[in-house]
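Worksheet for the structure shown next.
Just so it is clear: chains get the letters A, B, ... in the order the sequence lines come, proteins before strands, and each one is counted from 1.
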Number of protein chains: 2
Amino acid sequence: MTAEPVGTGLTAEDGEGRDRPRYGEGREALLRAAIRVVATSGLRNLTYRAVAREAGVTHGLVAHHFGSRDTLLEEALRYSLQLSVETSSLESGTGQIDDFARDLPEFVDREPDVQAFQYELILESRRRPELRPYVEELYDYYRGAARRELARLGIQDPALADVAYAALDGLVFQQISVASPENTRRSVDALRTMLLAARDAPPARD
Amino acid sequence: MTAEPVGTGLTAEDGEGRDRPRYGEGREALLRAAIRVVATSGLRNLTYRAVAREAGVTHGLVAHHFGSRDTLLEEALRYSLQLSVETSSLESGTGQIDDFARDLPEFVDREPDVQAFQYELILESRRRPELRPYVEELYDYYRGAARRELARLGIQDPALADVAYAALDGLVFQQISVASPENTRRSVDALRTMLLAARDAPPARD
DNA sequence: TGAGAATCTATCCACATGGATAACTTGTCA
DNA sequence: TGACAAGTTATCCATGTGGATAGATTCTCA
């Protein structure tokens, strides 16, 4: 009866005004709701009322759990960081070049909210110093994942891995805003070509 | 006397509460102020009052020139697009690989506001369809500039140019949030290496 | 069972906001 | 010069906001 298939609540399911979470689940519901609200309506519309509505609770609960809008945002960023690490979308671990970032276009297409939320918060961290440690942690994690994944392909140079990650970062940003998954796929193909060429190239030229 | 050295008003000069622009200059002052306010305080704080204060006028003038906050944002995006095209920071035109994106780190370091503003508005365009045409125009311009610049280096494949641009996009985003210009410089170096390797590589391998 | 703690709701308030309106100032040009 | 238009300011208002407070519900565990 009350057994709906429970996920992160961050995939497409777009109906608004969730049904009320069970006693004790309000806090996490609010964190997930905050990510959704920021992704779909922007930081400007991350209000006590909007996030409470999205979570299916009353807005007093936000104040109770987080005390302030700022703290909610900080906690939501930490939560999204945790989600990213669990998902680990950059590490296939197979050691096959064709698997590098293979599922990225589809992943971003299916779940753009967490990505959009993180981009929003990275920009926000420019003016909110207390967010910076989490943003740095986020980038360290992604960059590390890219380095490990590429090392398995015989690409040891961390500078190359950093560029590859920057390219993926840019591609994902473009995909959530204007570009198609197909476009991302094509570019990731080209990126693999470049990486292989750089790996196998003689030291220098030209 | 009233002859201050006039620039775009978008470089470091951070004092707030500009002195009142001359009669007839209010509109453009507001556009420049909007970019500065969004870059330094976020879309959330782009209010009639904040942008008017930054421009040195009263907030009624915003309503008079733009009618609504949404229109102001749209016009400011168009204005920033025009600034980007005039600056043309991606095309050195020299045909020397070492000049590719050579000044980018320093440029972004010196004038991060326009970049930050554009990233903010690209994200905003996800939920404001009327902004999309301008965002697409912006991306078309940047991508085209990268293609032309790389074609001069003998890299004709547009897919490679698109990846290169995505990498720059990601690097600039990282620089305005957490990374140093020096980090960008290192990565741009590595990007050039990859591009040359791809240009000179035999068709395929592995 | 029942009392204290945690979670949650209902309600209130001072304040900033977007926008409208009317008045005033500066420029234009016949 | 002077009258009309464009630019600009001053002021007002209804609405949504962040947050505080008080009370109700649900859980925990001795």
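- Checked by atom type, the side-chain pair Y142(A)/D169(A) shows no donor-acceptor distance below 3.5 Å.
- Checking side-chain atoms of S180(B) against main-chain N and O of N183(B) turns up a donor-acceptor pair under 3.5 Å.
- For the salt bridge (charged side-chain N to carboxylate O under 4.0 Å, His left out) test with R147(A), the passing option among D140(A), D157(A), D162(A) is D162(A); the others fail.
- Residues Q82(B) and E86(B) bring a donor and an acceptor atom of their side chains to less than 3.5 Å of each other.
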Summarise protein proximity over nucleotides 2-21 of chain C in one line of letters, 5' to 3': B for base, S for sugar-phosphate only, - for none, counting protein heavy atoms closer than 4.0 Å.
----BBBBBB-----BBB--

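- Side-chain atoms of Y165(B) and E149(B) include no donor-acceptor pair closer than 3.5 Å.
- Judged by distance alone, the side chain of T94(A) and the main-chain N or O of Q96(A) form a donor-acceptor pair under 3.5 Å.
- Looking at S84(A), its side chain does come within 3.5 Å of a backbone N or O of S80(A) through a donor-acceptor pair.
- Between chain B and DNA chain D, the heavy-atom contact criterion of under 4.0 Å yields a 5' to 3' nucleotide range of dA6(D) to dG18(D).
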